[in-house]
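Quick caveat, the model's predicted, so the values are computed rather than measured. Below, chain A is the first sequence line, B the second, and so on; all start at residue 1.
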Number of protein chains: 2
Amino acid sequence: MTIDAIARTRRFHRAVTSEVGALDSSFLGRGRPLGPARVLHAIGNGVSDVAEIRAHLKLDSGLMSRLLRGLEDEGLVTVTASENDARRRSAALTPAGEVEFAEYEALSDQQAGAILSRHPHPEALLQAMDLVATALGFDRTAIQRVPPSDPRAQQCLATYYGELAHRFSGGFDVNLSADPEARDMEPPRGAFLLAVLDGMAIGCAGLKGTDKGYAEVKRVWVAPSARRMGLAGLLMRAIEDEARGLGIGTLRLDTNSALPEAVRFYRKSGWTEIPRFNDDPYPDVFFEKHL
Amino acid sequence: MTIDAIARTRRFHRAVTSEVGALDSSFLGRGRPLGPARVLHAIGNGVSDVAEIRAHLKLDSGLMSRLLRGLEDEGLVTVTASENDARRRSAALTPAGEVEFAEYEALSDQQAGAILSRHPHPEALLQAMDLVATALGFDRTAIQRVPPSDPRAQQCLATYYGELAHRFSGGFDVNLSADPEARDMEPPRGAFLLAVLDGMAIGCAGLKGTDKGYAEVKRVWVAPSARRMGLAGLLMRAIEDEARGLGIGTLRLDTNSALPEAVRFYRKSGWTEIPRFNDDPYPDVFFEKHL
DNA sequence: GATGGTGTCTGACAAAAGTCAGTAAAATAA
DNA sequence: TTATTTTACTGACTTTTGTCAGACACCATC
């Protein structure tokens, strides 16, 4: 590693640390110390289980308890016993808590907007931020099954289609392609998987059930900021696990030679090329894999 | 500002906050709380004046005093009265302090190296980090006069020459160009300015004194991560101030039509095009400005 | 239904960080 | 010169955060 690279990384760190400090101190502007503010924030974001909050914020159980008591006393939070395990407790915002949470959200949005709006080329900045965020947290990536109608899934697909339109010489119109019906990509016929990192979808993959003795792998996409990190491999392994769980023994997929990195990837990971098996106008390369 | 852009920015913030937390806790690994560690770090980085440290770390004067006393008791720091103002005090590392500081530096370097080395495409990551760091801190940019021999200046120039070689169809060899002698760009004949942000040079500009009744502006360069932010304007205003300070009334510069953004910039900012005034092989556009 | 383990809470501390009024010494202004 | 301001220091706080040993209720298991 060159000295210059280290220096640049550390400079990034300095810059970002002071920025983070500024955000944190803006959180203090609402007259509440950082501890309770962070807990309120976590609860507002749907982390309701007390143990989960504790793990998330790395808090001692005693401290956690007191912070929750404080928020209860303020009338922002109610804590009730969990349904299936009465030892565990679950926190929820009161209406007043919702209001207070919204104020913090507005502060954060404002801060984020300020950074973006004073930049001459926001999209470049956003792409850089995506790349950095993905690089820093990649190990925390979680693969989760969602319905294809999930808004994050839809967003991935829209980006995917946009990219295909850009890379295929004749463009790409999803309506001309064999668009899987949503329920073919939901249990019990199939599945749709999202790779999520820090709350943002950075990749997806679909498993489409058919009645022809095999299932198809569709819509494998990795966000530009996460490429070459091995995410496609993670997604494909997860898709194969899903298939096995559904009792599917054979997988097929189609792709296009205009996407050489995809073709290379499938060749490398145990897929064998087979003759055309559908009449979709876009693909020109076809693969099969037995589980 | 679209919702998605805000969400992406906030996601970046989340990712980076947890990373920064990890660095901070690695600082705790040396058995010293964050407060003293930060003060030691500041002193090691050349912020010796007590008032300056206080401003930099936003510490109360009482707290500052106690932190310094603690570091003195540990034998890491000596605090002496300032030379020109005996009320002010100035801190310096003892040999033991130097050693301890080096340990923190090594920790930071290690952390930075770890981030880079686990990434498949470090240069892209570095560029993204530069862009983000510059965007976040741009307002803190400081313009400072340095000798052209300053290593940061040399690094800017090397990058500048590399870029010219890349953009001129016939390449660029600085030895064929009229390379200003160093002392022509130092007071009292001229000046060399550096734009520094978070310790990193992100731009430069030179003022080269001549005996021909005018001075030349040379080597105006802005780092890719800082372009379109108005830094060239800042640098040029500073160069003009330098020229005025040296009693120079007329400025000239040459550039090349292969750098249209530069030509556009000079046209926009009060320079008038004039006929060729030198026999340098590279430039083909010439400007003059009266102060 | 006894046993051991888990999740939360409380009390009792301790460390770290932050606050503030007052003091002393030096610099600056009147 | 004297008065005022500036800079750092000290003492006496408070708040925030972190730690730890029980206590208690609950769950799972034999």
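Residues Thr134(A) and Arg11(B) have side chains that bring a donor and an acceptor to within less than 3.5 angstrom of each other.
Remark: Arg89(A) is in phosphate contact with dC9(C), judged by side-chain N or O atoms under 4.0 Å from OP1 or OP2.
Here dA28(D) presents its P atom at 7 Å from CZ of Arg87(A), a figure rounded to the nearest Å. Protein atom CD of Glu83(A) is 16 Å distant from nucleotide atom C1' of dC26(D), rounded to whole Å. Remark: C1' of dC9(C) and CD1 of Ile53(A) are 15 Å apart, rounded to the nearest angstrom. Whole-Å rounding puts the Arg54(A) CZ to dT8(C) C1' distance at 8 Å. Atom CG of Leu57(B) and atom P of dA8(D) are 14 Å apart (whole Å). Distance, Leu34(B) CG to dA15(C) P: 18 Å, rounded to whole Å.
Applying the salt bridge (charged side-chain N to carboxylate O under 4.0 Å, His left out) test between Arg30(B) and each of Glu103(B), Glu74(B), Glu105(B) identifies Glu103(B) as the sole match.
Side chain of Thr94(A) to main chain of Leu76(A): a donor-acceptor pair is present (N/O by atom type, distance under 3.5 Å, no hydrogens or angles).
Within the 4.0 angstrom heavy-atom criterion, base atoms lie near Asp60(B).
If you check residues 63-73 of chain B against DNA chain D, the residues with a heavy atom closer than 4.0 Å are Ser65(B), Arg66(B), Arg69(B), listed by number.
Nearest to the side chain of Leu59(B), among dG18(C), dT6(D), dA8(D), sits dG18(C).
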